[in-house]
Amino acid sequence: MLKGRKPYFGILVFPGTNCEMDCYYVLNNLLKVNCKYIWHQETKDDDINAIIIPGGFSYGDYLRSGAIAKFSPVMSFVRDFAQNGGLVIGICNGFQILLEENLLPGAMLRNNTLKFICKYVNLKVEDADNPFTSNYNKGEIIKMPIRHNEGNYYIDENGLKKLKENNQILLRYCDENGNVNTDANPNGSVENIAGICNESRNVFGLMPHPEASCEKILGSDDGLNIFKSMIDFISKF
Amino acid sequence: MFDVEKEYKKLGLKYNEFLKIQEYLGRMPNYLELSIYSVMWSEHCSYKSSKALLKNFKTTGEYVLQGPGENAGVLDIGDNQAIVFKMESHNHPSAVEPYQGAATGIGGIIRDIFAMGARPICSLNSLRFGKLDEDEHQKYLFEMVVKGIGDYGNCMGIPTAGGEVYFDETYKGNCLVNAMSVGIVQKDKLIKSRAFGAGNYVVLIGSSTGRDGIHGATFASDELNEESESRRPSVQVGDPFMEKVVLEVCLELIDKNLILGLQDMGAAGITSSSVEMASKGNVGLDIDVAMVPLREASMLPYEIMISESQERMLALVEPSKLPEVKTICNKWNINCERIGIVNDSGLYRIFKGPELLGEIPVKSLTDGAPVYHHKFEKPKYFDDVCNFSLSEDDYLSLLNKYTYNEIFKKVISSPNICSKKWVWEQYDHMVQTNTVLLPGHDSAVIRVKDTKKAIAFSCDGNGRYCYLDPYKGAIIAVAETARNLACCGAVPMGLTDCLNFGTPEKPGIFWQFKNSIDGIIKACEVLEIPVISGNVSFYNESFGKAIYPTPIIGTAGLIKDVSNLIGMNFKDEEDIVILIGNDNDFKCSENDGMGGSEFMELFFNKVAGKCPDIDLSYEKTLDKLCVELINNGLVKSAHDVSTGGIAVTIAESCISGNIGAQINIDEKEKNLLKALYNENQSRIVISANKRNLKAIKNKCEGSQIAYLEIGTVGGKNFNINNKINIEINEIISLYNNTIEKIMSK
Amino acid sequence: MLKVNVYVTLKKEILDAQGLVIKKAIKQIGFDNVNEVRFGKFIQIEINDNNKSEEEIKKEIDYLSDKLLANPNIENYKYEIVRN
Amino acid sequence: MLKVNVYVTLKKEILDAQGLVIKKAIKQIGFDNVNEVRFGKFIQIEINDNNKSEEEIKKEIDYLSDKLLANPNIENYKYEIVRN
Ligand SMILES: Nc1ncnc2c1ncn2[C@@H]1O[C@H](COP(=O)(O)OP(=O)(O)O)[C@@H](O)[C@H]1O
Ligand SMILES: [Mg+2]
């Protein structure tokens, strides 16, 4: 029911969100698809068929990143939307919110460096059989920036096992040759995990910023295929 | 009753100032009034020591829409767009409480930018600390200041895309934290701070008011000593989340045409912001302290009036628009209270409900503030220190101790030279997706979406040069920023400054100040860069010893077509390395460019000698030429020679390009160490494909700029005259990891 | 009036990077008999007493802690209620 | 073995931005009888007992708290020593 329509992205805005315009620019100006902002107090929206929870510091990331945003009225809409198979992507703070909301398993700890990290990293596409990374080849190495304080992904052993069994790990930090090792792990994440999806593969969270790597002039356009994958998925019959 | 005679001193007022207040009022002030005068007449708010000199800056020019006088200066960048920027110091608060001091410094300068209606698009910072090695306190300050800047800017979603950091003993007791913020605005959405129209409301938006920062403005206008410890409560703390919300609220209010004026609250809180609004509009104002949302109910009226609680703005609102203003503030869940009303009496009146607590003529607080013309005199150190130069023997004995390789490695891993990656990786420098030249190059470059344009920014200032010659040192600071812009293909449009000096009442210090200002004036005149905003920070002394005079310059330049951007990194094997500009190195000039150099400090532990010379009109021609070469696509990289000399410049182009180079410097006429490490001005190292050499040479000749081929890009080694020969990987690791190593020790 | 002090700590099995750094610093200062340091949060909540039973209040605080103050995936909490 | 629990809180007069945001969130969840929320740190230190006197240990912890755990510009601390 969601497929075969013209893509229409809703970009959530919480107080403290700060990447909403960057997402808007990519969708509206670069990819020329419909998109609009959705204020955190909204409880429904009938136009959209994909949701982006953008990066930033919702509620200042006070207490715990993402912890307070999950109480916003819009989140019950997001939950319903996801349960009905709608595509939801959470980027950075958006990923943290999805974890807090339990739409994705695991939790975020502070970077093991105890510092904010802003830099380009290499990522390995671990799975291309989902609506978010289908435009890449499995095993492809892509470059995107990370910009976060709390991107140290944690999940317990059972959870990890399940993630692996269901191919829910979509992106891992790696070096430029694709080696996934401790040296290439910027923040201490379990098994270099940078992005995961849920079991039904329609909710995706990642720490790197695809919206900030969609133009060569910024240093990389590798992020574009995330959005293109989603658009293809929605448009397909 | 309070003892007014005793209190004025405690508030930092001088006797003659106290008399002047009585004269303005025609009576004794009460404590509230006295407090208001003391903050308004503090150096920080009144510029009483510097006003007379700052008047002489050139403040108009081709691009200038708004010079000094508003919250920030404004430059026209075409297409109905303008950029707004200013730099400000937060030195004293950062010395006492580095994390919060730096954070609130960033918060403060950002408010100045959106007070003009602009959306902040970039921040830069200039930092100075004592030497890091073996000094845990300096490391702590550095760590916390960087964290404070990062946490605040990152949360705001404003890229901190540039800056500079230097370490020198002179800043040990008095670090410098200067922050610059830049915003962009549609010209027709620019808003001013002027209050007008009797009956219009003054509305406070943002955080509630607490006791923090009381007497902060007077604190900033004082030397640091044992007593500053006990006055610590004046430290304010920042709430970047609140500021982000306040920013969005203010921009929404302006966008919907709901407000008539806007002013940020900085030093001296409600008092200075409201008085400035009234003074600029030549009106009077009634403030009701009972309307101010408080954090602690027990606050006294004077505390409310001068509290420096952060993240607050004052808006001028037409009464009929107040409900709509409130609706928007409610949507964002922040305070919005009408605390004042414009009157046409010219009086500033403070009420608590119906009760009148104080009454002061507005203009007596601003235009009527005292102006000082301090004495100035060449300081004693001057002749001594400048009459020094390294002898040939000095160089020889150094070469007896170290090899060329060892010397170079020491230079490239000096904290003043090496990469500041440790710093900028803690700053979100990419948010807003406009940073097209990442930190590490000569300027921060921010593109303007939906146009071909980009804006380049560079911050610079060299305290050592200014110590050796404040006039020339200040000129060099301006010239260095212009040259940094030129290396990115940008034409300078205007600058902001932050002037960090010691105690202005000392004639030697005031001499430094006066000469620095004259230097800036001269440089601005020749290079045609107007001053559009700035800030003065005096009393940068600890235990009676002043820092080196440190004027910091932040310049903005326009890049017409961002697709021409090249960066400083060497690109391809077999490209030719060319030095363009000042060829004094290869002749024998009187000034060897070693005075105040990093080399001299590093190996001889001395800051002495003659400040390098600079010929401003030559500099201007060189910069123009560089931009032309870039715009014509003739060169592949450009990087200017600055601290550390040409060896460092070439190495940085290799490091950022991850490629080696073979360099041959003609040593016939002078020793190689001098040639490599002198800091002579007006030089740029470019690289180009062989086929473009002729065209480049012709252009240089046409501009009468010296052209010299000095080597070839390529290979895995950094090689100069076969005397320095090191694998590029080793250099990269030294350059990139030095600070991290020191900081994790 | 009621005061509730909530203490949130990382679960034992989770590496506490902040705690480790503090431990290192404590050792550096010269206290080498430190064994372990755990870093947590301390949240003081003041509630207008509304004559709720201890039971009810506990239920509320548990709810709050579970949903907001602590993330049960990584954190434990405990609390105490102080009446005055 | 000794356990020291150190509680670090912002001084009363210092803006507690985190506390304010948490308070708003608690209200939003539906507990509108919250008066105030203060956000602080909770540091648990485990020390190998070395037969130091209570006195000595207190001196050490005071020193630690002052220098490292709390920022005296803006924070207060208190602690308790638990022996087991
Ligand atoms: N505090 C800082 N914040 C952000 N970037 C910085 C900082 N310090 C240095 N940088 C970056 O490092 C690079 C080199 O700085 P600097 O040595 O001052 O350059 P230059 O010698 O060309 O003036 C620049 O790109 C600058 O923006
Ligand atoms: Mg430069």
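Keep in mind it's a predicted model, so treat the numbers as computed, not measured.
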Please check if atom NZ in A/Lys36 has more than 12 non-hydrogen atoms from other residues, nucleotides or ligands closer than 6.0 Å. yes
From the list B/Lys449, B/Lys147, B/His429, the residue making the most non-hydrogen contacts under 4.5 Å with chain A is B/Lys449
Review point. Is a side-chain donor-acceptor pair under 3.5 Å present for A/Tyr25 with B/Asp450?
Key: no
A/Gly60 and B/Cys155 have their tightest heavy-atom pair at CA-SG, 4.1 Å
Cut-off 4.5 Å, heavy atoms of chain A, and the answer for B/Val245 is side chain
Highest number of heavy-atom pairs under 4.5 Å with chain A among B/Leu437, B/Asp239, B/Asn434 belongs to B/Asp239
Whatever's closer than 4.5 Å to a heavy atom in chain B on A/Asn149 counts as side chain
- Task: Please step through salt bridge (charged side-chain N to carboxylate O under 4.0 Å, His left out) for the pair B/Arg447 and A/Glu215, ending with a clear verdict.
- Result: CA-CA 12 Å; B/Arg447 61 134 176 219; A/Glu215 296 168 88; 2.7 Å; yes
One should read off an interatomic distance between A/Tyr59 OH and B/Lys244 NZ, to the nearest 0.5 angstrom, of 13.5 Å
message = When you measure from the centre of the six-membered ring of B/Trp424, is the NZ or CZ of A/Lys119 closer than 6.0 Å and no more than 45° off the axis?
response = no
OG1 of A/Thr17 to CD of B/Glu248, rounded to nearest 0.5 Å, is 9.5 Å
If you count heavy atoms of other groups shown closer than 6.0 angstrom to NZ of B/Lys452, is the number above 12? no
To the nearest 0.5 Å, atom CE of B/Met430 lies from atom SG of A/Cys19 at 12.0 Å
Are A/Phe57 and B/Phe241 near enough that their ring centres are under 6.0 Å apart? no
Under 4.5 Å to a heavy atom of chain B? For A/Asn29 that would be side chain
Between the CE atom in B/Met156 and the CG atom in A/Asn18, the distance rounded to the nearest 0.5 Å is 9.5 Å
Check ion pair B/Glu143-A/Lys115 (N to O, under 4.0 angstrom): yes
| side-chain contact (heavy atoms from CB on, under 4.5 Å) assessment of B/Thr435 paired with A/Leu218 | CA-CA 7 Å; B/Thr435 314; A/Leu218 297 176; 5.8 Å; no
Under 4.5 Å to a heavy atom of chain B? For A/Tyr120 that would be both
Bottom line for B/Asp151: the part with an atom under 4.5 Å from chain A's heavy atoms is side chain
In this structure, CG of B/Asn154 is separated from CZ of A/Arg147 (nearest 0.5 Å) by 9.5 Å
Between A/Asp22 and B/Gln432 the two heavy atoms that sit nearest each other are OD2-N, 2.9 Å
Start with the C-alpha distance between A/Cys118 and B/Gln426, add both sets of side-chain angles, then the distance that settles side-chain contact (heavy atoms from CB on, under 4.5 Å), and finish with yes or no. CA-CA 6 Å; A/Cys118 174; B/Gln426 296 186 59; over 6 Å; no
Bottom line for B/Lys331: the part with an atom under 4.5 Å from chain A's heavy atoms is both
Bottom line for B/Glu243: the part with an atom under 4.5 Å from chain A's heavy atoms is neither
One should read off an interatomic distance between A/Phe116 CZ and B/Glu425 CD, to the nearest 0.5 angstrom, of 11.0 Å
